[in-house]
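Written out below as structure tokens is the structure these notes cover.
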Number of protein chains: 2
Amino acid sequence: MNNSQELTPIVRRPLHEEAADRLRDLIVQGRLVAGIRLNERLLTLQLGVSRTPLREAFKVLATEGLVELLPNRGAIVSQMDPVRLAETLAVMGALEALAGEFACMNATEAQINEIRALHYEMLAHHARGDLAGYFKFNQAIHLKIVKYSGNAVLFNAYRQMNGNVRRARYMANLSQERWDAAVREHGAILAALSARDVKRIKGLLSDHLAHKLSSVLADLKTLSTRQAA
Amino acid sequence: MNNSQELTPIVRRPLHEEAADRLRDLIVQGRLVAGIRLNERLLTLQLGVSRTPLREAFKVLATEGLVELLPNRGAIVSQMDPVRLAETLAVMGALEALAGEFACMNATEAQINEIRALHYEMLAHHARGDLAGYFKFNQAIHLKIVKYSGNAVLFNAYRQMNGNVRRARYMANLSQERWDAAVREHGAILAALSARDVKRIKGLLSDHLAHKLSSVLADLKTLSTRQAA
DNA sequence: ATTGTTCATTTTGTATGCAGAATACAAAAT
DNA sequence: ATTTTGTATTCTGCATACAAAATGAACAAT
């Protein structure tokens, strides 16, 4: 039976999953900002589902760390304070360093070329000074590296933390110097990956994330002093 | 206010949390083995709660990776196949190496002494050849190191993976040589921690977990060949 | 002005009801 | 005898009902 038309199995996703995805996106994109309350009645109306699947979605997002459940008081979008942000970035650095090693060993040439393509796209946005576009591809590259590590557990942990961190929108004001340096670092990372240089990529990724961390911390400091003033 | 009687805040835990904890314990302890179905009706009777909080607990455990939700077909305790186990241990190794660095920098002397005490308890069980007791303190030491890293995000991620891995009960038959070696490694780790030797502890913990990983893999291999025979 | 009290309203936590999907099992057909 | 089909039963997914808790407004007391 060589039927040309795909005989794909029918999938009906549970409502709680759909709801969780929608809410997750809203939070990660920053359309639901930290601290605001998630009104059940309102959300049931907006999402068109009843409270049961919605509340199930809350539980999922809570264990992912995106929302906080206050007993008898509902759910709020969890805060991403500087301490937690720094802690998360530190862990992501370690995860990504490990991922780099595995990717060096396990990634196919096609996968590396895919990363290379993303790298050039990123360079294009950097050249044009398009920060938003740059971030998009920067994100994609980092995720792909972890993905191509071939370690699903690693990927899941990383992806979750990445979602948690992204909504902080920390790098709004990245200095040109830091930006240029980051791009150079990315070049070195790609070179190490292409050369399958396990030893080297580990250090490069660790350093890269460490730089990101200190840059973020510096940014946060200026923000907080600016607020104080 | 040096009040002798604990002034612990009043907590009324939601039923879904209670249920999740109970189920989590049952799974981690291996009393609910991988693959078996979690019958809702039965569990509501056994836990004395209705289906709603129970199902909410399922969602939590599912995002933690302990159970798997099969749409319209209920929940089963998720499988911990060798691949996933290996992947998880690899990640835990990286996390613990990072934790060791932080612990070297952040842990108080009292905390290090607490780990030292656990270490000696562990040595006692090793000397007596008490594997179960050994594991208990071994676990405790590793968790404390991560805890005393002072990085809550790191600790959470590690603890979750640890729970996921523990139920595999992989080290049932640990060779005496490997056991002795592990104990020696622990001694070195403690020494590095006491000396606040950041560089050294990182390598030691990485190696320690790598050894554990290969030992587990070897064990799994013998198990599977034994089953095949 | 601040604190406390009462009560109506809103919102959350849990239980339950109902429709539909999956499973089990018996009857029919090959 | 084995596979296939039809039917009853069980179980899940979701909606809803109800009780407990929180919120807020109006008002009294300090």
Side-chain angles (χ1 to χ4, degrees), chain A residues 1 7-27 31-79, chain B residues 7-27 32-79:
Chain A
M1 89 139 107
L7 197 51
T8 139
I10 298 162
V11 281
R12 293 214 313 131
R13 303 188 64 211
L15 288 187
H16 72 88
E17 213 171 294
E18 204 83 40
D21 285 354
R22 295 277 287 273
L23 291 174
R24 192 184 297 107
D25 284 349
L26 289 174
I27 295 171
R31 300 183 52 157
L32 284 174
V33 295
I36 77 163
R37 257 187 78 186
L38 299 173
N39 186 303
E40 286 184 7
R41 192 178 51 81
L42 199 66
L43 286 172
T44 56
L45 293 175
Q46 292 179 340
L47 295 177
V49 300
S50 82
R51 286 176 60 214
T52 305
L54 179 66
R55 286 171 56 80
E56 289 174 346
F58 282 0
K59 305 294 179 294
V60 170
L61 297 174
T63 69
E64 288 178 1
L66 287 172
V67 313
E68 204 171 328
L69 300 176
L70 311 176
N72 291 319
R73 226 173 298 183
I76 60 171
V77 177
S78 68
Q79 300 286 342
Chain B
L7 197 49
T8 146
I10 298 163
V11 281
R12 296 216 311 126
R13 307 187 63 211
L15 288 187
H16 72 87
E17 213 171 294
E18 204 83 40
D21 285 353
R22 294 278 286 274
L23 291 175
R24 192 184 297 107
D25 284 349
L26 289 174
I27 294 172
L32 284 174
V33 295
I36 76 164
R37 259 189 75 185
L38 298 172
N39 186 303
E40 285 184 7
R41 192 178 50 82
L42 199 66
L43 285 172
T44 56
L45 292 175
Q46 293 178 339
L47 295 177
V49 301
S50 79
R51 287 176 59 213
T52 306
L54 179 65
R55 286 170 58 81
E56 289 175 347
F58 282 0
K59 305 294 178 295
V60 170
L61 297 175
T63 68
E64 288 178 0
L66 287 172
V67 313
E68 204 172 327
L69 300 177
L70 311 176
N72 291 321
R73 232 174 292 183
I76 60 171
V77 177
S78 68
Q79 298 287 343

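The model shown is predicted, which means the values in this text are computed figures rather than measured ones. Chain identifiers are assigned alphabetically (A, B, ...) following the order of the sequence lines, protein sequences preceding nucleic acid strands; residue numbering begins at 1 within each chain.
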Please report the interatomic distance CG(B:L66) to CG(B:L38), rounded to the nearest 0.5 Å.
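Those atoms lie 10.5 Å apart.
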What is the distance, rounded to the nearest whole Å, between atom [atom1] of [X] and atom [atom2] of [N]?
X	N	atom1	atom2	result
B:R13	D:dA20	CZ	C1'	19 Å
B:E18	C:dG13	CD	C1'	14 Å
B:E56	C:dA15	CD	P	10 Å
B:E17	C:dT12	CD	C1'	15 Å
A:L69	C:dG13	CG	C1'	12 Å
B:L54	C:dG13	CG	P	17 Å
B:L45	C:dA15	CG	P	12 Å
B:L15	D:dA19	CG	C1'	13 Å

Report, as yes or no, whether the 6.0 Å neighbourhood of atom CZ on A:R31 holds more than 12 heavy atoms from other residues, nucleotides or ligands.
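Not buried by this count: 12 neighbours or fewer within 6.0 Å.
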Can you tell if the side chain of B:V60 reaches within under 4.5 Å of the side chain of B:E17, non-hydrogen atoms only?
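Not touching, per the 4.5 Å side-chain cut-off.
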Measure the shortest side-chain to side-chain distance between A:L54 and A:L23 over non-hydrogen atoms and say whether it is less than 4.5 angstrom.
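A side-chain contact exists here, since the closest heavy-atom pair is under 4.5 Å.
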Any A:T52 side-chain nitrogen or oxygen under 4.0 Å from OP1 or OP2 of D:dC14:
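So the side-chain polar atoms of A:T52 never come under 4.0 Å of the phosphate oxygens OP1 or OP2 of D:dC14.
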Taking B:D21 first and then B:R24, would you say they form a salt bridge - that is, a charged N and a carboxylate O separated by under 4.0 Å?
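Answer for the salt bridge query: yes.
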Given DNA chain C, 5'-ward residue of the pair B:S50 and A:R12, judged by closest heavy atom:
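Between the two, 5'-proximity favours B:S50.
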Once Watson-Crick and G-U wobble pairs under 3.5 Å are found, how is DNA chain C written in dot-bracket notation, 5' to 3', with | for any base paired to another strand?
||||||||||||||||||||||||||||||
Provide a list of protein-nucleic acid N or O atom pairs under 3.5 angstrom, restricted to nucleotides 5-8 of chain C.
none

Summarise protein proximity over nucleotides 7-12 of chain D in one line of letters, 5' to 3': B for base, S for sugar-phosphate only, - for none, counting protein heavy atoms closer than 4.0 Å.
----SB
